[in-house]
Each structure stands twice: as C-alpha cells, then as structure tokens.
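Written out below as structure tokens is the structure these notes cover.
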Amino acid sequence: MEKPLISILMNCYNGEEFLHDSITSVLNQTYENWELVFWDNKSNDGSEKIFKSYSDKRLKYYLSKDHSKLGEARRRGYEHLKGDFVAVLDTDDIWYPSKLEKQVSCFNDPDVGIVISNAYFFNE
C-alpha cells in the first residue's frame, strides 16, 4: 500500500471555539491522501457554519438526527469512514503538519498495529 487513505474522524458537539484551528491543522498536513469525516452531534453553535465554510472535497459533513454520548457518536461517525487507516481528532486539538506522514510510515513494519503520539497541552 503506497499511499493509503486515512480517515480522520472528528466528532463535534458545540466545538466552534477551536474548530477553525483544528480543521486548518488537517488541511496543512504534508500527507494528502485523507478524508475528514465530521460528525456533528447536534451542535447548536456555529460549528456547522464553520465546517461548511471550507470547500475541500476531502471534508465530509454528517449531522446526527439526535444528540448522543461521545462513544455512541463515534460509533455513528465510524460508519462513514472509507479509509485504510483511522485517525481521531477532537475539535479542540491540532496536529503538526507532518503528523500523518510520520505515523502512516510506521505501518510499513508488519508488526505495527497502532500508532500513538505524545500530546502537548497548552492554553490561551
């Protein structure tokens, strides 16, 4: 598998505060074969408008018919993933530009089944 598709699942419930930064960090990835599946868990803020302000065809929006707990929301979002690999990004998190490129290359080793990374905590 030379350039596998990575499905990025982003669950959202009223995540407008940092959503722009989170989406931008995906768009800035050096690895470009990805889809971002945005599962809107019945937000009542500006999250939908923010997400739909982007025109990249790799961004896919889904609206839940009702609000659910995070685990159930993730399960519902997973139903829409098409990729060979899955990454999860929360609406208040951002990625460094080479994150996907570095992590997908780890799967060239047949003994690797999951890749995780450090997190840096920061605030305004």
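Here the two rings, on Phe107 and Phe85, have centers that are under 6.0 Å apart.
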**OP:** Go through the steps for Tyr31 and Lys102 under the test side chain to side chain contact (heavy atoms under 4.5 Å, CB included), then give the verdict.
**Re:** CA-CA 9 Å; Tyr31 188 89; Lys102 287 179 179 179; over 6 Å; no
Item to complete: Determine, stepwise, if the pair Lys60 / Glu35 fulfils salt bridge (Lys or Arg N to Asp or Glu O under 4.0 Å).
Response: CA-CA 7 Å; Lys60 300 169 183 172; Glu35 65 172 359; 2.7 Å; yes
Notebook entry, point to check: Can you check side chain to side chain contact (heavy atoms under 4.5 Å, CB included) on Val104 and Ile6, steps first, answer last?
Noted result: CA-CA 8 Å; Val104 77; Ile6 300 175; 4.0 Å; yes
Show your reasoning for whether side chain to side chain contact (heavy atoms under 4.5 Å, CB included) applies to Asn41 and Ser68. CA-CA 7 Å; Asn41 196 11; Ser68 62; 3.6 Å; yes
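Heavy-atom minimum distance, Met10 versus Ser22: CE-OG, 3.1 Å. Across Cys12 and Gly15, no two heavy atoms sit closer than the pair SG-N, 3.6 Å. In plain terms, the two heavy atoms of Arg58 and Glu32 that are nearest each other are NH1-O, 2.8 Å.
Follow the hydrophobic side-chain contacts under 4.5 Å out from Ile50 and you reach Trp95 in the same cluster. Taking hydrophobic clusters as Ile, Leu, Val, Met, Phe, Trp and Tyr residues chained together by side-chain heavy-atom distances below 4.5 Å, Leu5 does not share a cluster with Val37. Under a hydrophobic clustering in which Ile, Leu, Val, Met, Phe, Trp and Tyr are joined whenever their side-chain heavy atoms come within less than 4.5 Å, directly or via other members, Leu63 and Leu59 fall into the same cluster. Note: the hydrophobic cluster containing Leu36 does not contain Leu70 (ILVMFWY, side chain heavy atoms under 4.5 Å, direct or indirect links).
In this structure, the side chains of Val86 and Tyr78 come closer than 4.5 Å at one or more pairs of heavy atoms. Between Phe38 and Leu89, the closest side-chain pair of non-hydrogen atoms is not below 4.5 Å.
Because its NZ or CZ atom is both nearer than 6.0 Å to the ring centre of Tyr61 and within 45° of the ring axis, Lys52 counts as a cation-pi partner of that residue. The side-chain tip of Arg74 does not point at the ring of Trp39 from less than 6.0 angstrom away and within 45° of straight on.
The existence of a salt bridge linking Arg76 and Asp66 is confirmed by a sub-4.0 Å separation between a basic side-chain nitrogen and an acidic carboxylate oxygen.
No donor-acceptor distance shorter than 3.5 angstrom exists from the side chain of Ser25 to the backbone of Ile94, with no hydrogens or angles considered. Using modelled atom types, no side-chain atom of Ser7 and backbone atom of Leu81 make a donor-acceptor pair closer than 3.5 Å. A donor-acceptor pair under 3.5 Å is absent between the side-chain atoms of Glu101 and the main chain of Thr30, judged by distance alone.
For the residue pair Asn14 / Asn44, a side-chain donor-acceptor distance below 3.5 Å is found, with atom types taken as modelled.
The number of heavy atoms from other shown groups lying within 6.0 Å of OH (Tyr62) is above 12.
Just one residue in the list Asp93, Asp92, Asp90, Thr91 forms a side-chain contact (heavy atoms from CB on, under 4.5 Å) with Phe18, and that residue is Asp92.
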